[in-house]
Amino acid sequence: MKHKRMASLFVSFAALLLESQALAHHGFAGRYDEDHPVTVAGTVVELQFVNPHSMIFFDVTDKTGKTERWQAELGSAAQLHSTEGWTRTTLSAGDKITIVGPQNKNGSGDMNLSHESKIIMTETGKVIHNSIKAEQAPPAARAN
């Protein structure tokens with residue numbers, strides 16, 4: 001009986017540890033400021049089109065002329081391909097992009113584009129990613 005109780009306690013403790021790690025990994029609201037999205041224009045350095053999260057690394061030049069390396073996390077390569085038609089060549093080094101989305105609350109050049117975000121090709125105005133719910137057409141309108 002004592003061994004069963006210890007085993008049960010161990011399993012319960014392990015489950016709590018695993019749950020907290022999962023929440024920390026997907027703790028979007030605690031890390032990114034969804035209430036105050038920023039608009040950032042930059043030049044693509046690299047697109048890492050991978051699972052579980054794709055990344056865009058891009059250079060941003062501030063008002064003083066200083067260049068800073070930023071990064072933006074997206075969904076998985078599989079999700080981007082199936083929902084938005086992305087491939088490894090959707091973005092290339094040198095492409096000019098404008099991103100609207102939540103920035104890290106600590107003010108660093110770190111964005112998460114999995115919620116309420118948009119990526120626009122600066123030179124053409126083409127929107128290549130848009131997850132801003134207020135800009136989405138209702139389901140009936142999309143079907144037509």
Transitively linked via ILVMFWY side-chain contacts under 4.5 Å: V127 with W86? no

Please examine the side chains of I128 and L91, heavy atoms only from C-beta on, and report whether any two atoms are closer than 4.5 Å. yes

Quick one about H129 and E84 (side-chain donor to acceptor, distance below 3.5 Å, no hydrogens or angles considered), yes or no? yes

Can you tell me how far apart CD1 (I56) and CD1 (I99) are? Round to the nearest 0.5 Å. 5.0 Å

Compare all side-chain heavy atoms of E116 with those of K133 and state whether any distance is below 4.5 angstrom. yes

If you take all heavy atoms of T87 and L47, which pair is closest and at what distance? O-CD2, 4.0 Å

Side-chain heavy atoms under 4.5 angstrom apart, residues restricted to Ile, Leu, Val, Met, Phe, Trp, Tyr: same cluster for V50 and V44? no

Measuring from L113:CG to Q71:CD, what's the distance to the nearest 0.5 Å? 10.5 Å

Just how far is it from atom OG of S114 to atom CD of E73, taken to the nearest 0.5 Å? 6.5 Å

Is the shortest side-chain heavy-atom distance between H115 and Y32 below 4.5 Å? no

Stepwise, does the salt bridge (charged side-chain N to carboxylate O under 4.0 Å, His left out) test hold for R69 with D59? CA-CA 5 Å; R69 178 75 36 97; D59 285 340; 2.5 Å; yes

Shortest non-hydrogen contact between G75 and Q79, atoms and distance: CA-OE1, 3.5 Å

Does the side chain of P102 reach to within under 4.5 Å of the side chain of D33, using non-hydrogen atoms? no

If you group Ile, Leu, Val, Met, Phe, Trp and Tyr by side-chain heavy-atom gaps below 4.5 Å, do I132 and L80 land in one group? no

Hey, is the main chain of G65 close enough, under 3.5 Å, to the side chain of D62 for a donor-acceptor pair? yes

Candidates D110, V60, V45 - the one meeting side chain to side chain contact (heavy atoms under 4.5 Å, CB included) with W70: V60

From T89 OG1 over to F49 CZ, what is the distance, rounded to the nearest 0.5 angstrom? 9.0 Å

Partner of V40 by side chain to side chain contact (heavy atoms under 4.5 Å, CB included), out of M111, Q103, E68: M111

Please give me the minimum heavy-atom distance between A77 and S54, naming the atom from each residue. N-OG, 3.5 Å

OG1 of T98 to CD1 of I119: how many Å apart, nearest 0.5 Å? 10.5 Å

Atom CZ in R31, atom OG in S108: separation rounded to 0.5 Å? 7.5 Å

Are the side chains of E46 and M55 in touch, meaning some heavy atoms are under 4.5 Å apart? no

Run the side-chain hydrogen bond (donor to acceptor under 3.5 Å, both in side chains) check on H53 and S76 step by step: do they pass? CA-CA 4 Å; H53 299 282; S76 70; over 6 Å; no

Measure the shortest side-chain to side-chain distance between F58 and T43 over non-hydrogen atoms and say whether it is less than 4.5 angstrom. no

